[in-house]
Amino acid sequence: MFEKIAVIGVGFMGGSFALAYRELFDCKIFGVDIKPEALRKAKDLRIIDEGSTRIEDLRIFEPHLVIMATPVRTFPSIAKGLRLSIAQGCIVSDLGSVKGDLVYRMEEILGNRFVGGHPIAGTEKAGVEHATRNLFKDKRFILTPTPNTDPQAKESVKKLWERIGSLVEEMDPHLHDFVFGAVSHLPHAVAFALIHTIDELSKEVNLFKYPGAGFKDFTRIAASDPIMWRDIFMENSKEVLKAMSVFAESLAKLKGLIETGNEKGIEEYLRHASSKRKGID
Ligand code: NAD
């Protein structure tokens with residue numbers, strides 16, 4: 001499809017994308033990363049062919065497609081560097097977890113060849129050494145075009161993700177941030193806060209010595225990369241804060257039911273949550 005692609009941010013997601021792409025197409029892959037170590041590892045693992053810490057080196061490589069896979073708050077400055085380093089016809093897309101206003105800011109810099117995207121796949125692990133080529137298979141991929149997006153660029157990115165095996169769905173960028181603010185960013189915030197809570201309660205007894213299966217399941221995502229999540233919370237703060245308020249109300253409701261010894265109320269509260277959870281496959 002695209003003979004020459006560039007990945008900006010050769011970490012877990014960028015590396016996984018490069019592996020999935022290489023498996024399907026005969027191509028050359030150029031990596032850009034601020035960490036020389038990440039580029040070296042990616043080259044050793046044959047994830048990229050060449051790499052550089054300097055975005056300007058894309059002028060020589062002349063990619064047909066650029067995929068951005070860095071923490072989301074780096075996107076605008078990287079886009080400014082890209083604008084000066086790639087040809088007019090080069091499509092730019094991303095794997096970032098926040099869309100909304102960010103997509104429009106990217107369009108202002110890069111024009112209508114920018115196509116926002118978010119793979120609904122991942123883990124708490126960071127770094128190219130964890131990259132895996134089947135990460136995106138049978139997983140949702142949310143495409144977030146705007147009324148300005150070039151239809152051909154959108155179609156190319158959509159086809160690419162379908163070939164990789166993802167289930168592509170289009171969504172308005174702001175709706176995306178509401179949806180994933182609730183079902184992804186809030187749970188991560190709660191998991192981080194729960195670890196802080198257990199740490200706070202560990203003054204007399206080290207509670208981390210007694211992790212049950214539920215605690216481990218629930219808090220796995222609190223081991224996620226702090227920089228990536230700082231950027232997500234900052235960039236989607238409006239939706240995350242709204243979701244956090246609703247969560248605080250739900251927790252306060254349960255607290256109230258327990259405080260007042262409302263057995264029936266507790267049971268109803270739990271029954272409702274349990275049936276909703278069982279409805280997810
Ligand atoms: P990662 O830490 O594994 O990789 C990020 C890479 O970007 C690192 O190698 C880092 O050195 C590099 N980098 C940071 N700033 C840079 C800059 N200014 N220029 C060039 N390189 C830079 O993180 P990841 O998990 O691969 O996440 C990458 C993106 O994917 C993020 O935008 C994240 O929101 C999104 N995402 C992650 C997941 C997940 O589960 N990890 C899921 C969906 C989307």
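Note that these values count all heavy atoms, side chains included, but never hydrogens, waters or copies made by symmetry. In listed order, ligands and their atoms are each counted from 1.
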Candidate with minimal heavy-atom separation from [atom], of [options]:
{"atom": "atom 43 (C) of ligand 1", "options": "Gly127, Pro119, Gly122", "answer": "Pro119"}
{"atom": "atom 4 (O) of ligand 1", "options": "Gly9, Gly11, Ser77", "answer": "Gly11"}
{"atom": "atom 15 (N) of ligand 1", "options": "Leu135, Ile34, Asp33, Val32", "answer": "Ile34"}
{"atom": "atom 31 (C) of ligand 1", "options": "Thr70, Asp231, Ile221, Ile142", "answer": "Thr70"}

List every atom of ligand 1 that sits less than 4.0 Å from any heavy atom of [X], numbering the atoms from 1 in the order shown and giving each element.
{"X": "Leu95", "value": "30 (O), 35 (C), 36 (N), 44 (C)"}
{"X": "Ile78", "value": "17 (C), 18 (N), 19 (N)"}
{"X": "Thr123", "value": "39 (C), 40 (O), 41 (N)"}
{"X": "Gly96", "value": "32 (O)"}
{"X": "Ala126", "value": "2 (O), 3 (O)"}
{"X": "Val72", "value": "32 (O)"}
{"X": "Lys35", "value": "11 (O)"}

For [atom], find the nearest protein heavy atom and state the residue, atom name and distance (0.1 Å precision).
{"atom": "atom 28 (C) of ligand 1", "value": "Ala69 O, 3.1 Å"}
{"atom": "atom 39 (C) of ligand 1", "value": "Met228 CE, 3.7 Å"}
{"atom": "atom 26 (O) of ligand 1", "value": "Met13 N, 2.7 Å"}
{"atom": "atom 14 (C) of ligand 1", "value": "Pro71 CD, 3.5 Å"}
{"atom": "atom 33 (C) of ligand 1", "value": "Ser97 OG, 3.5 Å"}

What I want to know is whether [X] and ligand 1 share at least one N or O pair that is separated by under 3.5 angstrom.
{"X": "Ile8", "value": "no"}
{"X": "Thr74", "value": "no"}
{"X": "Phe12", "value": "yes"}

Contact check, Ala121 vs ligand 1, heavy-atom distance below 4.0 Å = yes
Answer with yes or no whether Glu124 contacts ligand 1, where contact means a heavy atom under 4.0 Å from a ligand atom.
-> no
For ligand 1, is any non-hydrogen atom under 4.0 Å from [X]'s backbone (N, CA, C, O), its side chain (CB onward), both, or neither?
{"X": "His118", "answer": "side chain"}
{"X": "Val98", "answer": "neither"}
{"X": "Val10", "answer": "backbone"}

Examine the side chains of Thr144 and Glu170 and answer whether a donor and an acceptor come within less than 3.5 Å of each other.
-> no
Are the charged groups of [X] and [Y] less than 4.0 angstrom apart, N to O?
{"X": "Arg40", "Y": "Glu37", "result": "yes"}
{"X": "Glu169", "Y": "Lys158", "result": "no"}
{"X": "Lys41", "Y": "Asp44", "result": "no"}
{"X": "Lys125", "Y": "Asp225", "result": "no"}
{"X": "Lys253", "Y": "Glu249", "result": "no"}
{"X": "Arg22", "Y": "Asp49", "result": "yes"}

Distance (rounded to the nearest 0.5 Å) between His118 NE2 and Phe180 CZ = 6.5 Å
Decide if the gap between the ring center of [X] and the ring center of [Y] is smaller than 6.0 angstrom.
{"X": "Tyr21", "Y": "Trp161", "answer": "no"}
{"X": "Phe233", "Y": "His185", "answer": "no"}
{"X": "His196", "Y": "Phe192", "answer": "no"}

Counting only heavy atoms not in Met1, do more than 12 fall under 6.0 Å of its CE?
-> yes
Hey, is CD on Glu56 packed in by over 12 heavy atoms from elsewhere, all under 6.0 Å?
-> yes
For Phe61, is the NZ or CZ atom of Lys28 found under 6.0 angstrom from the centre of its six-membered ring and inside 45 degrees of the ring axis?
-> no
